[in-house]
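In what follows, a single structure is set out as C-alpha cells and then discussed.
In what follows, every heavy atom counts, from backbone to side chain, and hydrogens, waters and symmetry copies are set aside.
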Amino acid sequence: GHPGIDFGFNNVTENIPYIAAMNGTVIEVKIYDNLDLAKSEGEKKPLSEKEADVVIKNGFYQTKYGEMDAESLPANIKKGEKITQGELVGYGNFSTDPAHPGKRNEMIHWEFGSYSPIIDRFCPLDYFTDESRIRIERIWAQTDTPEMKARYPKICNGDYDGKAER
C-alpha cells in the first residue's frame, strides 16, 4: 500500500509550498538523489537534482513531507529544530516536459502517522475534515491517470486501507 497522499498539480506557474500541519520538532531531514533524473533524455526533468523528506514529530504523531526540492528547505529545517503549525517546510520539486514548454507539473507527498514502531502510519484521509475529505475523494474519482487508478483504486490502499486511530 501507499502510506501517504500525493497531491498533484498540473500546469502550475509557481512552486507549491509545503506548510507544517502541526507544531513539532524536526526529527529527520533526508536528502537524496532525485530518481526522475535517471529517466531517459527528452523526458520530464525535475527542478532539482536533490530531493528532501522532512519528518516533524508532535508527541505520539508525526508528519512526513516528501519529495521536496532539497534546495528549497528553509535554514531552520534541520534535526532538533522546533516548527510551528503554518510555518514553511519547503517547496515541491516540479518537473518540466519538453513536449509542453512553459508547463510544469508538481506533486506533494504527505504522510501522517504515529511515532510508535507498532502502529506506524495511518491513512491520512481520516484526519481531514468531512468537507476536505469529500473534496479529496472527488478529485481522486476524476483522476486522468487510469494506470494509477488501477493500481491504487482507493486513496488509502493495502495495509493502510481503513487504518485509523479513531
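In terms of heavy-atom proximity, Tyr61 sits nearest to Met22 at O-CE, 3.7 Å. Shortest non-hydrogen contact noted between Glu51 and Glu67 is OE2-O, 3.9 Å.
The backbone N or O of Lys30 sits nowhere less than 3.5 Å from a side-chain atom of Asp53 that would complete a donor-acceptor pair. With hydrogens and angles disregarded, no donor-acceptor distance shorter than 3.5 Å links the side chain of Tyr91 to the backbone of Glu71.
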Could you go through residues 74-90 and list every donor-acceptor pair under 3.5 Å that involves a side-chain atom there, pairing it with any protein atom two or more places apart or in another chain?
residue, atom, partner, partner atom, Å
Asn76, ND2, Glu87, OE2, 2.4
Lys82, NZ, Thr25, OG1, 3.0
Gln85, NE2, Ala21, O, 3.4
Glu87, OE1, Thr84, N, 2.9

Start with the C-alpha distance between Glu131 and Ile134, add both sets of side-chain angles, then the distance that settles side-chain contact (heavy atoms from CB on, under 4.5 Å), and finish with yes or no.
CA-CA 5 Å; Glu131 181 182 335; Ile134 289 167; 5.9 Å; no
Let me see the working for Val54 and Lys64 under side-chain contact (heavy atoms from CB on, under 4.5 Å), right down to the final yes or no.
CA-CA 6 Å; Val54 173; Lys64 177 180 176 182; over 6 Å; no
